[in-house]
Amino acid sequence: MDFSEVIGQEAVKERLIQMVKEDRLPHALLFCGPHGAGKMALAMAFACYLLAGDDTKGESSPSVSNARAMLRNWEHPDLHFSYPTIKLPSMSSEHQPVSTDFAKEWHGLIMQGTYFTMNQWMSQMGATTQQAIITGAESDELSRVLALKSSQGGYKVSIIWLPERMNLTSANKLLKLLEEPPQGTVFLMVCEEPEKLLETIVSRTQRIDVKRIEDKAIENALIDKRGIDTDAAHRIARIANGSWLKALESLDAGNENREFHNMFQMLMRLCYLRNVKDLKRWSEIVAGYGREKERRMLTYFQHQVRENFMFNFRTPELNYMTLEEENFAKNFARFINEANVIEINELFQRANRDIGQNANAKIVFYDMALKLIVLLLKK
């Protein structure tokens with residue numbers, strides 16, 4: 001792929017190219033920014049640029065043509081991917097999963113495109129309730145492959161997707177790699193939650209802040225890539241709020257957010273009615289989702305709290321909701337106000353953190369629901 005396949009982000013593309021042209025490319029870049037802004041797409045396009053040059057320039061040498069052919073299939077020997085993995089039941093108790101255990105699944109995912117979600121990756125791996133992490137064994141394997149000479153005589157590029165999911169052992173081993181990087185190696189780390197990374201790792205990288213995609217760029221991409229008519233593309237681009245992934249979700253009538261919205265409505269109605277018995281049942285249902293899906297749901301809940309609070313200002317340009325979400329907000333929004341909006345948001349945030357730390361999901365959700373009853377009464 002080349003930079004033309006990245007939606008928007010013209011300023012970042014230019015900055016990356018200038019780094020190479022001016023010979024000031026650091027050994028490690030940290031791509032940060034909103035979900036769905038194209039951080040991974042930028043990293044993968046930049047990796048292709050480093051390994052094969054600019055694919056938009058027409059004629060090239062046989063070696064460059066060969067590199068581009070390998071990159072089109074994501075099979076370049078000097079491009080290495082590291083990503084969160086799960087432990088399958090078939091793996092021995094002492095085995096630590098590494099990226100190569102799921103190389104076939106990963107290749108299948110990225111061949112579909114450079115914009116994807118953790119949910120899609122979990123599904124590709126066949127995950128159920130496991131949490132995906134980057135193990136210490138992954139950092140060992142990365143050290144081993146990067147110690148080898150470049151097979152094509154140029155850069156070696158290591159793309160690390162979601163480095164914040166490294167366990168402490170893995171993080172410390174990566175830190176040593178960053179302190180003494182193998183010759184000719186460039187690390188491209190794509191991070192959703194940089195605050196969870198070790199400060200010592202962050203300090204050894206150059207941060208690339210990727211902003212939300214402009215609405216017009218999303219609108220144009222929907223028209224050009226998906227054949228959406230202009231009016232529909234404009235509406236979807238606005239709801240997407242700078243995220244190409246959200247725009248794609250809006251095209252999928254059966255997307256996961258519909259399920260989350262139903263659970264949000266149910267939770268709020270049961271809390272309003274103070275139906276403790278059914279709230280217990282609600283907690284048991286969502287506790288069966290598995291931790292990754294539970295955390296996505298809680299993030300969605302936080303978004304809905306924000307949207308319902310803003311709905312009270314009766315200023316349409318401040319809201320980013322689907323028609324279904326807006327219909328619910330017409331009656332519910334008044335219960336989210338200045339007296340409780342921060343506490344409700346923090347309640348969902350704490351639950352998300354607790355789930356991420358392997359707390360008992362039934363207890364977390366039931367406790368959250370009972371506290372929410374009290375908070376909804378605040379005016």
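All values below come from the heavy atoms of this structure, side chains included, with hydrogens, waters and symmetry mates left out.
Distance alone, capped at 3.5 Å, is enough to place a donor-acceptor pair between the Arg291 side chain and the Ile355 backbone. For Gln9 (side chain) and Val210 (main-chain N/O), no donor-acceptor pair under 3.5 Å exists by modelled atom type. Remark: the backbone N or O of Ala240 is not paired with any side-chain donor or acceptor of Ser243 at under 3.5 angstrom. Between the Lys156 side chain and the Ser151 main chain, no donor and acceptor come within less than 3.5 Å of each other. Gln152 places no side-chain N or O within donor-acceptor distance of the main-chain N or O of Leu51, the cut-off being under 3.5 Å. Proximity of a side-chain donor or acceptor of Arg68 to a complementary backbone N or O of Ala52 within less than 3.5 Å is detected. The main-chain N or O of Val98 is found under 3.5 Å from a side-chain atom of Asp101 such that the two form a donor-acceptor pair. With hydrogens and angles ignored, the 3.5 Å screen pairs no side-chain donor or acceptor of Tyr289 with any backbone N or O of Met297. In this structure a side-chain-to-backbone donor-acceptor pair under 3.5 Å is present from Arg204 to Thr200. Looking only at distances, no side-chain donor or acceptor of Thr100 sits under 3.5 Å from a matching main-chain atom of Ala103.
Across all non-hydrogen atoms, the minimal contact from Leu29 to Leu25 is CD1-CD1, 4.3 Å. When all heavy atoms of Val202 and Pro194 are compared, the pair lying nearest together is CG2-O, 4.3 Å. Nearest heavy atoms, Val6 versus Ala45: CG2-CB, 3.9 Å. The minimum heavy-atom distance linking Ala237 with Glu219 is given by the pair CB-N, 3.8 Å. Heavy atoms only, all atoms of each residue included: Phe116 and Gln120 are closest at CA-OE1, 3.0 Å. The nearest pair of heavy atoms linking Gln206 to Pro26 is OE1-CG, 3.5 Å.
Annotation: Glu195, atom CD; neighbour count of heavy atoms from other residues, nucleotides and ligands within 6.0 Å is above 12. Remark: Leu88 CG is packed, more than 12 non-hydrogen atoms of other residues, nucleotides or ligands lying under 6.0 Å away. The number of heavy-atom neighbours closer than 6.0 Å to CD of Glu179, taken from other residues, nucleotides and ligands shown, is above 12. Counting heavy atoms of neighbouring residues, nucleotides and ligands inside a 6.0 Å radius, atom CZ of Arg274 does not exceed 12 of them.
Between Phe187 and His27, the angle of the ring planes goes over 60°, which puts this pair in the perpendicular group of the 30/60° scheme. Classification of the His261-Phe264 ring pair by plane angle, with boundaries at 30° and 60°, yields parallel. Ring orientation note: the planes of Tyr49 and Phe3 are tilted relative to one another, at an angle of 30° to 60°.
Gln96 places none of its side-chain heavy atoms less than 4.5 Å from the side chain of Thr85. Inter-residue side-chain proximity for Tyr366 and Val276 is flagged as met; some heavy-atom pair is nearer than 4.5 Å. Between Leu347 and Arg350, the closest side-chain pair of non-hydrogen atoms falls below 4.5 Å. Between Lys293 and Met122, the closest side-chain pair of non-hydrogen atoms is not below 4.5 Å. You'll find the side chain of Met368 stays beyond 4.5 Å of the side chain of Leu372, heavy atoms only. Inter-residue side-chain proximity for Val286 and Leu267 is flagged as unmet; no heavy-atom pair is nearer than 4.5 Å. Looking only at side-chain heavy atoms (C-beta outward), Met263 and Trp282 come within less than 4.5 Å of each other. Ile86 has its side chain within reach of Phe102: a pair of non-hydrogen atoms, C-beta onward, lies under 4.5 Å apart.
Connection of Leu146 to Val186 is not established within any shared hydrophobic cluster, with ILVMFWY side chains joined at heavy-atom distances below 4.5 Å, either directly or through further cluster members. Connection of Ile208 to Leu197 is not established within any shared hydrophobic cluster, with ILVMFWY side chains joined at heavy-atom distances below 4.5 Å, either directly or through further cluster members. Clustering ILVMFWY residues whenever any of their side-chain heavy atoms sit less than 4.5 angstrom apart, transitively, puts Leu298 in the very cluster that holds Ile344. Hydrophobic clustering, with ILVMFWY side chains joined whenever heavy atoms are under 4.5 angstrom apart, keeps Met70 apart from Trp74. Under the 4.5 Å side-chain heavy-atom criterion for grouping Ile, Leu, Val, Met, Phe, Trp and Tyr, Phe335 is not connected to Leu377 through any hydrophobic cluster.
With respect to the salt-bridge test (charged N to carboxylate O, under 4.0 angstrom), the residues Lys13 and Glu10 qualify. By the 4.0 Å N-to-carboxylate-O rule, Glu22 lies close enough to Arg24 to be salt-bridged with it. Using a 4.0 Å cut-off between charged nitrogen and carboxylate oxygen, Glu343 and Lys371 do not count as a salt-bridge pair. Ion pair Glu249/Lys246 not flagged as a salt bridge, since none of the NZ, NE, NH1 or NH2 atoms sits closer than 4.0 Å to an Asp/Glu carboxylate oxygen. Salt bridge status for Lys280 with Glu284: present, with a side-chain N to carboxylate O gap under 4.0 Å.
Side-chain N/O atoms of Ser170 and Glu138 include no donor and acceptor closer than 3.5 Å.
Scanning for side-chain hydrogen bond (donor to acceptor under 3.5 Å, both in side chains) contacts around Arg296 gives Asn119, Glu256, with sequence neighbours left out.
Expressed to the nearest 0.5 Å, how far CG of Asn312 lies from CD1 of Ile336 amounts to 8.5 Å. Expressed to the nearest 0.5 Å, how far CD1 of Ile134 lies from CG of Leu174 amounts to 8.5 Å. Summarising the geometry, atom CG belonging to Leu175 is positioned 7.5 Å from atom OG belonging to Ser203; distances are rounded to the nearest 0.5 Å. One finds the NE2 atom of His234 at 8.5 Å from the NZ atom of Lys216 (value rounded to the nearest 0.5 Å). A distance of 11.5 Å separates CG of Leu375 from CG of Leu370, quoted to the nearest 0.5 Å. Within the model, atoms CD of Glu324 and CZ of Arg258 stand 5.0 Å from one another, a figure rounded to the nearest 0.5 Å.
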**Asked** Is there a side chain to side chain contact (heavy atoms under 4.5 Å, CB included) between Lys21 and Gln18 once you walk through the steps?
**Response** CA-CA 5 Å; Lys21 288 182 176 178; Gln18 284 301 114; 3.8 Å; yes
message = Test side chain to side chain contact (heavy atoms under 4.5 Å, CB included) on Ile7 and Tyr115; report intermediate values, then the result.
response = CA-CA 10 Å; Ile7 298 164; Tyr115 291 83; 3.7 Å; yes
- Task: Please report the C-alpha distance between Met40 and Ile159 in whole Å, then the side-chain angles of each, then the deciding distance to 0.1 Å, and finally whether the side chain to side chain contact (heavy atoms under 4.5 Å, CB included) criterion is met.
- Result: CA-CA 9 Å; Met40 188 61 168; Ile159 297 181; 3.7 Å; yes
For this session: Would you please test Ile160 and Leu142 for side chain to side chain contact (heavy atoms under 4.5 Å, CB included) and show each step?
Result: CA-CA 10 Å; Ile160 304 175; Leu142 193 58; 4.1 Å; yes
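Residue Trp161 forms a ring pair (Phe, Tyr, Trp, His ring centres under 6.0 Å) with just one option from Phe81, Trp106, Tyr83, and that option is Trp106.
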